[in-house]
Amino acid sequence: MPSRQESRTLSRVPGQQPQVVIVGGGFGGLNAARALAHAPLQITLVDRRNHHVFQPLLYQVATAALSPAQIAAPIRKILRHQKNVEVVLAEATGVDLARRVLIVDALPYREIRYDYLILAAGATHSYFGRDDWATNAPGLKSIEDALEIRRRFLLAYEAAEREPDPQRRRALLTFVVVGAGPTGVELAGAISEISRTVIRRDFRRIDTSETRVILVEALDRVLPGGFPPEISARALRDLTELGVEVLLGSRVTSIDPKGVNVGDRRIDSHNVFWAAGVRASPLGAMLGAPVDAAGRVIVEPDLSIPGHPDVFVIGDLARVIDPATKCQVPGMCPGAIQMGRFVGGLIVADLARRGTPYPQFHYTDKGLLATIGRARAVAYVGGLKLVGWTAWVFWALLHVFFLIGFRNRLAVMLDWAWDYLFFDRGARLITGGRPAEKPE
Ligand SMILES: Cc1cc2nc3c(=O)[nH]c(=O)nc-3n(C[C@H](O)[C@H](O)[C@H](O)COP(=O)(O)OP(=O)(O)OC[C@H]3O[C@@H](n4cnc5c(N)ncnc54)[C@H](O)[C@@H]3O)c2cc1C
């Protein structure tokens, strides 16, 4: 195996600037690209979508509070002032480490040569080996997912409005959310709240207070990952006050088009949403480097992969242990942002002082937040526990701050203010058609 010094000089094409290839225009990839803005190199950013998504607000698109364009932005637009970046809309399908090329599915590229490769392809849902559940229980990871959940959510009320049979109507108005992490809590809280406020005014026949929202969690508390137990208890109280039925210590054993089985219990429901598991992009496993049970690449302390100092894996795709705390860096925006900036800075330093050892990545914990409904949220920041209205305002300000683009920030703030004052949800559009109905 070539040494770090040799391996870096081998692939250079004489007279050409060093080539940095980044896969993924999410938080990790974008921040890596930006950190390289003034470096004498050429960057190619590959993403299979043309837009960056602010995933923390996806549930607001799924529950008709915001429109997709308010939480997403075209990657080309984000990077248009950065002259050393070229954006390629393509799916990365593999990496040839020996030849130092990224393999993509778009002509005429097919192969993109790199001197440094940064993989920031993120994660997707995990159904814990039951991928057949995906059709009946969509997860929330992309704009398409959010629109599908919104479609099912709004169609359920339309179908219930026409349904004369009370039992079938009840199943239509029963929403089951699997997984009580932040996404599950936010989704369940929002569905329950909207059904009792906004939706109630729009329908003539159904009584929307019949809506049942059931949140199912296999562990013994809501928000189990990282939040202190008191915060979980407060979130449980808020959810219950909003009318959400929370089933703790309960495992989903099957999902079909008409409902779910939770242990021995059957819940008739036409609307099941999945917020339970995460699996890293399959691109990580293609590197041949060790991966953990969720498919995350186990990286070196400098975020490179073993034996390949020119290949970095960051964000949700990487399994990183912080050297100070010995804890795993959580799959959240701050981790991806910090890793992107770190690797960008590392490459700049490496170009300037070739051969010096790489530094270690250190994670700065920015805290945990989850919103439960109107003026209800929980936050755990720097050991400080915030709940209720204060946490909700903090949550709102922080999310607006991290949104990309002034226009999006302004639009989101205006929409939130409007919804808050008038109990409205402006994006109640059913897109993607409705399923063909057969008489039973
Ligand atoms: C619903 C939801 C809510 C969340 N809420 C919060 C929150 O409140 N706070 C928080 O801190 N974190 C939250 N997160 C987590 C946070 O969004 C992620 O940790 C963060 O986005 C990870 O950034 P990333 O760059 O690693 O991956 P991503 O942001 O997922 O970006 C990956 C990019 O890679 C692209 N890509 C993937 N595979 C390929 C391929 N083969 N070829 C080309 N392109 C590819 C994708 O299109 C995408 O643009 C949430 C996540 C979700 C899904």
Side-chain angles (χ1 to χ4, degrees), residues 21-33 44-63 71-75 78 87-95 102-106 112 118-126 138-146 149 177 179 181-187 190 223 225-226 273-286 296-297 303 313-318 320 329-341 343 365-371 377-379 381 395 398-399 402 404:
V21 175
I22 302 174
V23 180
F27 285 97
L30 275 186
N31 279 282
T44 307
L45 190 148
V46 179
D47 200 304
R48 62 179 168 208
R49 293 200 168 84
N50 83 329
H51 53 268
H52 165 87
V53 181
F54 188 74
Q55 292 172 351
L57 289 180
L58 272 174
Y59 86 95
Q60 296 236 340
V61 174
T63 54
I71 67 153
I75 297 170
I78 299 169
V87 178
V88 174
L89 180 68
E91 171 107 23
T93 54
V95 181
L102 175 78
I103 300 157
V104 295
D105 70 351
I112 306 176
I118 304 173
L119 289 186
T124 180
H125 327 288
S126 166
L140 186 58
K141 195 72 196 160
S142 62
I143 293 285
E144 292 85 343
D145 294 339
I149 291 180
V177 179
T183 302
V185 164
E186 290 175 345
L187 204 53
L223 301 176
F273 303 130
W274 187 261
V278 170
R279 184 179 61 208
S281 155
L283 207 54
M286 291 178 201
R296 285 178 290 239
V297 180
L303 309 185
V313 182
I314 62 172
D316 283 5
L317 185 54
V320 184
V329 176
M332 292 175 58
C333 303
I337 293 170
Q338 290 172 33
M339 288 186 221
R341 288 179 184 159
V343 168
D365 186 358
K366 301 277 183 187
L368 297 165
L369 288 163
T371 174
V378 290
V381 184
W395 172 90
L398 206 74
H399 282 67
F402 277 105
I404 286 189

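The figures here come from the full heavy-atom set of this structure, side chains too, leaving out hydrogens, waters and symmetry mates. In each ligand, atom 1 is the first atom listed, and ligand 1 is the first ligand listed. This one's a predicted model, so the numbers in the text were calculated from it and none came from an experiment.
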Contacts of type side chain to side chain donor-acceptor pair (under 3.5 Å), residue S281, not counting sequence neighbours: none
When rounded to the nearest 0.5 Å, the distance separating CG of L398 from NZ of K366 is 9.5 Å
When you measure from the side chain of E91 to the backbone of D105, do you find a donor-acceptor pair of N or O atoms at a distance under 3.5 Å? no
Roughly how far apart are L89 CG and L45 CG, rounded to 0.5 Å? 11.0 Å
Go ahead and list the nitrogen or oxygen contacts between ligand 1 and the protein that come in under 3.5 Å, distances to 0.1 Å, or just say none.
residue: ligand 1; atom: 11 (O); partner: C333; partner atom: N; Å: 2.9
residue: ligand 1; atom: 12 (N); partner: C333; partner atom: N; Å: 3.3
residue: ligand 1; atom: 17 (O); partner: Q55; partner atom: OE1; Å: 2.7
residue: ligand 1; atom: 19 (O); partner: D316; partner atom: OD1; Å: 2.8
residue: ligand 1; atom: 19 (O); partner: D316; partner atom: OD2; Å: 3.2
residue: ligand 1; atom: 19 (O); partner: G331; partner atom: O; Å: 3.1
residue: ligand 1; atom: 19 (O); partner: M332; partner atom: N; Å: 3.2
residue: ligand 1; atom: 21 (O); partner: Q55; partner atom: OE1; Å: 3.1
residue: ligand 1; atom: 25 (O); partner: F27; partner atom: N; Å: 3.2
residue: ligand 1; atom: 25 (O); partner: G28; partner atom: N; Å: 2.8
residue: ligand 1; atom: 26 (O); partner: D316; partner atom: N; Å: 2.9
residue: ligand 1; atom: 30 (O); partner: Q55; partner atom: NE2; Å: 3.1
residue: ligand 1; atom: 41 (N); partner: E91; partner atom: OE2; Å: 3.4
residue: ligand 1; atom: 41 (N); partner: A92; partner atom: O; Å: 3.0
residue: ligand 1; atom: 42 (N); partner: A92; partner atom: N; Å: 2.8
residue: ligand 1; atom: 44 (N); partner: R48; partner atom: N; Å: 3.1
residue: ligand 1; atom: 47 (O); partner: D47; partner atom: OD1; Å: 2.7
residue: ligand 1; atom: 49 (O); partner: D47; partner atom: OD1; Å: 3.4
residue: ligand 1; atom: 49 (O); partner: D47; partner atom: OD2; Å: 2.6

With no hydrogens and no angle check, is any side-chain donor or acceptor of W274 less than 3.5 Å from a backbone partner on S126? yes
Pairwise distance OG(S142) to CD(Q55) - rounded to 0.5 angstrom: 8.5 Å
